[in-house]
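Here's the structure we're looking at; comments come further down.
First listed ligand is number 1; within each ligand, the first listed atom is number 1.
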Amino acid sequence: MVFPAALAAIVASQLTIPEKYALLKGSDGGYVGNVGNVSRLSIPSIKLQDAGNGFRTSDARMVGQVTSWPCALALASSWDRELVRAFAESAAEEFVAKGANVVLGPGLNVHRVALGGRNAEYISGEDPVLGSKLADPWIRGFQENGVIATAKHFVLNNQETHRGSYSARVSERTLKEVYMPPFEAAAMAGVGSAMCSYNRVNGTYACENFRTLSMLKSVLPGWVMSDWGATHSTSVVEGLDQDMPGWDSFFSPLNLATQVPMEAIDESVSRILDPLFRVAPRRGCTVPGNGCDRELYEVNASTPAHSALAEKIAVESVLLLKNDDDVLPLSRDLRVGIVGSACNAPNNISDMYARDVGNYYVVGGSGRVVPDSVITVVDGMKAAGYGNIQTSFTDSAEDAAELDVDAYVACAGATSVEAQDRSSLSLDQEAFLEKVVRLPQPTVVVALAPGAVVLPFSDQASAILVIFFGGKFTGSSVARIVSGASSPSAKSPISFPLFQNDTILPCLDQDCPYEEGLEVGYKNGKPVAFPFGHGLTFTTFEYYWIAEPVEQKNDTVATRARIVNVGNRSGVETPQIYVLYPEISGEPMVPQLKDFQKTVDLAPGGYTDISFLLPLDSLRIYDGTLVKGTYHFYIGASSRDLRLNSTLSLS
Ligand code: BGC
């Protein structure tokens, strides 16, 4: 048997110099990115398509041919590795059916700026451990089904404002502890490619930054491509293997021949060929001699099973932030007022194509998968069997007050789009919600959100549900939770701040010092409206130690906890383990997430035991030191709801 790496090396040795050069640069073709095949050696063409939210409908003909999945941040809200894997496997089938052999995802950037225009595209939320744990099944699910994944945007592309020029001024410690881990986890999962970003890092563009690229490439088993137009020089030696989409001349044969030694060219070629053979060997229309137009524009890659999975993910992404007096689930016998235009927000396909924007269901820009239709919240509620629904979509609380109802479901939304940060963390209909929640009947607020939002009405709202861009099945998923047909099980991958000014705002200068260092997201310790890791269910869980943390000979810290459902409905809990470092470590003095697991569905009175085995290596700080001293271990239901604690001295 010839191993892929050996095969890649044999094939690489047969390539002529022009053939090698051609692999290092994008060319024309119907996909977002294209690299021609080498028919003489049966090297397939490389067909690259966005993105982390599913197959990008880059041409209106594709709408309806691919599944409209919930966005990456919604998927992350499930905190469910198996669900992430199921998504990746099914989405990969669609990429294959559409002729693509590279997916331009996952988006792994840790949210630094709550207003970040692309936060919905990032599976890490605000925590590197969450991103690292979810990157693994995402990448394996795609790659084991024949599609090379692309870890992006490397690195420190934490805002869209001035994204093509700002410089993230960051310490080595912050880079290594906050922003690198999801990319390293991607490399460990065998990711076939990575995409360097538009911004600069400590003054040098990410796509010619030898320091950051060599850190990545010391573990990456694949190639580095530029983000589209992010190349600024013929930077092969600095670590860029492929210039995308190839519209500039930095990687022209002349520049490559005069500026790059052949051994660097050869290394880049093998980095590209190896994943091609390992993950996506010649298949479908990428085989030399075939075009992909039929796949791109005619093949219907979506299936009923994929749609069912998209809906399941949407349901499992719905965050229940608040549920006073168990107002939810809402009895179907009640007279329900569905109020606010966002409950009936249209899926404006032609506008989205005209302006490249998103809506309350999908992100705008390159991560956009335009649904052929959407189930709005009001559609979902009607289908869920509520017999007496009254509506008002005027965003007027006075109109809502006219309805003769027992309870309200009040919706609001916000949009976001690539290349711009959001201008505000407020929902578009915030003023309306502030009035509706003051009406005498209970109000269930439903936020269709691109990421963090402020919820200044939260004290008065009876219940709050948030769904990050949920795609086609937004309304049916919300209705399943509202009606109790499904139990909420999501946990928030981000903090919901009290005030926009409590968050890091986009830097407006070219030089952007990351002054907060390690104190990103919940690690800044500020009071929040709803914390990272929070998400209610319809029941109550209690936590007990079965085994407090002990150091084991095989270099792990082992703990075991019992999770008991003491409520009267079934539910799924997601226990999370956090560690507070000894003070001399220089770590934030806030417990940090180290791992999490989802329980099975527990019936009332049921329990399950959860083991966490933390490798000691996961406690090392950026320079490899395992700081001596007393560590506090916590297991809890969120970053601020730590139920069990114990200490362990490491020497
Ligand atoms: C985006 C990438 C995307 C690429 C190709 C760029 O503008 O930043 O995320 O993969 O375009 O569409």
Glu121 near ligand 1 by a heavy-atom separation under 4.0 Å
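No, Glu121 has no heavy atoms under 4.0 Å from ligand 1.
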
Against ligand 1, does Met244 come closer than 4.0 Å with any heavy atom?
no

Atoms of ligand 1, numbered as shown, that sit under 4.0 Å from any heavy atom of [X]:
X: Lys152; value: 2 (C), 3 (C), 9 (O), 10 (O)
X: Asp227; value: 1 (C), 2 (C), 3 (C), 4 (C), 6 (C), 7 (O), 8 (O), 11 (O)
X: Val32; value: 5 (C), 12 (O)
X: Arg163; value: 7 (O), 8 (O)
X: Arg56; value: 12 (O)

Can you find an N or O of Tyr198 that's nearer than 3.5 Å to an N or O of ligand 1?
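Tyr198 vs ligand 1: N/O contact under 3.5 Å present.
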
Of the listed options Asp50, Leu104, Thr150, closest to atom 3 (C) of ligand 1 (non-hydrogen atoms):
Asp50

Heavy-atom contacts under 4.0 Å between Arg118 and ligand 1: side chain, backbone, both, or neither?
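The part of Arg118 near ligand 1 is the side chain, not the backbone.
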
Is a donor from one side chain sitting under 3.5 angstrom from an acceptor on the other, for [X] and [Y]?
X: Asn199; Y: Ser197; result: yes
X: Glu94; Y: Thr67; result: yes
X: Ser302; Y: Gln65; result: no
X: Thr231; Y: Asp243; result: yes

In this structure, atom 7 (O) of ligand 1 is nearest to the protein heavy atom Glu418 OE2, 2.7 Å

When distances are taken from atom 9 (O) of ligand 1, the protein heavy atom at minimum range is His153 NE2, 2.7 Å

For the rings on Phe532 and Trp79, is their centre-to-centre separation under 6.0 Å?
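Between Phe532 and Trp79, the centre distance is under 6.0 Å.
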
When you check the gap from the basic side-chain N to the acidic O, do Arg118 and Glu418 get nearer than 4.0 Å?
yes

Glu519 bridged to Lys523 by N-O distance under 4.0 Å
no

Is Arg368 close enough and on-axis enough to Tyr353, meaning under 6.0 Å and within 45°, for cation-pi?
yes

